[in-house]
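Bear in mind the structure is a predicted one, so any value in this text is a computation, not a measurement. The first residue in the sequence is number 1, and the count goes up from there.
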Amino acid sequence: MEKATDMEMEREEVEEEETESVSDVLRDRFRLSTISIAEAEAKRNGMEISEPIVACISDLAFKYAAEQLAKDLELFAQHASRKIVKMEDVILSAHRNEHLATSLRSLCDDLKAKEPQSERKRKKTPRKENKATTSVVHILDN
């Protein structure tokens with residue numbers, strides 16, 4: 001019994017380390033993307049931006065995304081009685097920034113247009129129809 005518990009604890013530790021590793025990679029990629037965007041915008045506007053400022057912007061953006069935005073998205077999904085965050089939640093989270101909300105709606109429309117018809121979700125049939133089709137029993141003659 002102890003060996004099984006020890007093995008379970010070791011497996012949980014390995015899974016926890018893998019999760020932390022994935023989180024670290026995502027955080028680093030997010031920060032690199034933020035730095036790249038900040039530098040590109042500064043260059044586009046003919047400005048220079050110092051490394052400490054870029055690092056600060058990156059940290060603030062990550063903190064906002066990881067803390068506030070994630071909580072808002074979770075609350076929006078819960079309010080809609082869902083456990084999964086959908087694109088509409090992301091668009092709703094941008095309601096204070098009309099330019100961003102418009103860009104997200106456009107992106108959503110583009111993604112829907114590119115999605116193959118067979119992968120789009122089909123409307124569910126009403127429950128009464130489901131019951132009618134599932135309650136039919138075929139008896140084979142022997």
Find out whether Leu92 and Glu88 are in side-chain contact, i.e. whether some heavy atom of one side chain is under 4.5 Å from a heavy atom of the other. no

In the structure I gave you, are the side-chain heavy atoms of Val85 and Phe76 within less than 4.5 Å of one another anywhere? no

Look at the side chain of Thr34 and the backbone N and O of Phe30, then say whether any donor-acceptor pair between them is shorter than 3.5 Å. yes

In one Ile/Leu/Val/Met/Phe/Trp/Tyr side-chain cluster, 4.5 Å: Ile53, Met47: no

Stepwise salt bridge (Lys or Arg N to Asp or Glu O under 4.0 Å) test for Asp24 and Arg27: CA-CA 5 Å; Asp24 290 345; Arg27 183 189 65 238; 3.1 Å; yes

Ala101 versus Ala94, closest heavy-atom pair with distance: CB-O, 3.6 Å

Measure the spacing between CD of Glu48 and NZ of Lys43 and express it to the nearest 0.5 Å. 11.5 Å

Could you grab the distance from atom CD of Glu39 to atom CD1 of Ile37, nearest 0.5 Å is fine? 11.0 Å

Hey, quick one: are Leu100 and Phe62 part of the same hydrophobic cluster, counting side-chain heavy atoms closer than 4.5 Å, chains of contacts allowed? no

If you round to the nearest 0.5 Å, how far is CG of Asp89 from CG of Asp72? 10.5 Å

Determine whether Ser36 and Leu32 make a side-chain contact, defined as any pair of heavy atoms from C-beta on separated by less than 4.5 Å. no

Does the side chain of Leu60 come within less than 4.5 Å of Cys56's, by heavy atoms? yes

Can Ser106 and Asp110 be said to form a side-chain contact (heavy atoms from CB on, under 4.5 Å), step by step? CA-CA 6 Å; Ser106 176; Asp110 290 346; 4.1 Å; yes

Is it the case that atom CD in Glu98 sees more than 12 heavy atoms from other parts of the structure closer than 6.0 Å? yes

Please examine the side chains of Lys63 and Asp59, heavy atoms only from C-beta on, and report whether any two atoms are closer than 4.5 Å. no

Heavy-atom donor-acceptor pair, Ser103 side chain to His99 backbone, under 3.5 Å: yes

Got Ile57 and Ile49 here, is their nearest side-chain heavy-atom distance under 4.5 Å? yes

Consider only side-chain heavy atoms of I, L, V, M, F, W and Y, link residues closer than 4.5 Å, and tell whether Leu73 and Tyr64 are in one cluster. yes

With the side chain counted from C-beta on, respond yes when Met87 and Leu107 share a heavy-atom pair under 4.5 Å apart, and no when they do not. yes

Given the rule that I, L, V, M, F, W and Y join up when any side-chain heavy atoms are under 4.5 Å apart, are Ile84 and Ile91 in one cluster? no

Using the rule given for salt bridge (Lys or Arg N to Asp or Glu O under 4.0 Å), can you reason through Glu74 versus Lys71, listing the C-alpha separation, both sets of side-chain angles and the distance that settles it, and then say yes or no? CA-CA 5 Å; Glu74 183 180 8; Lys71 287 177 187 175; over 6 Å; no

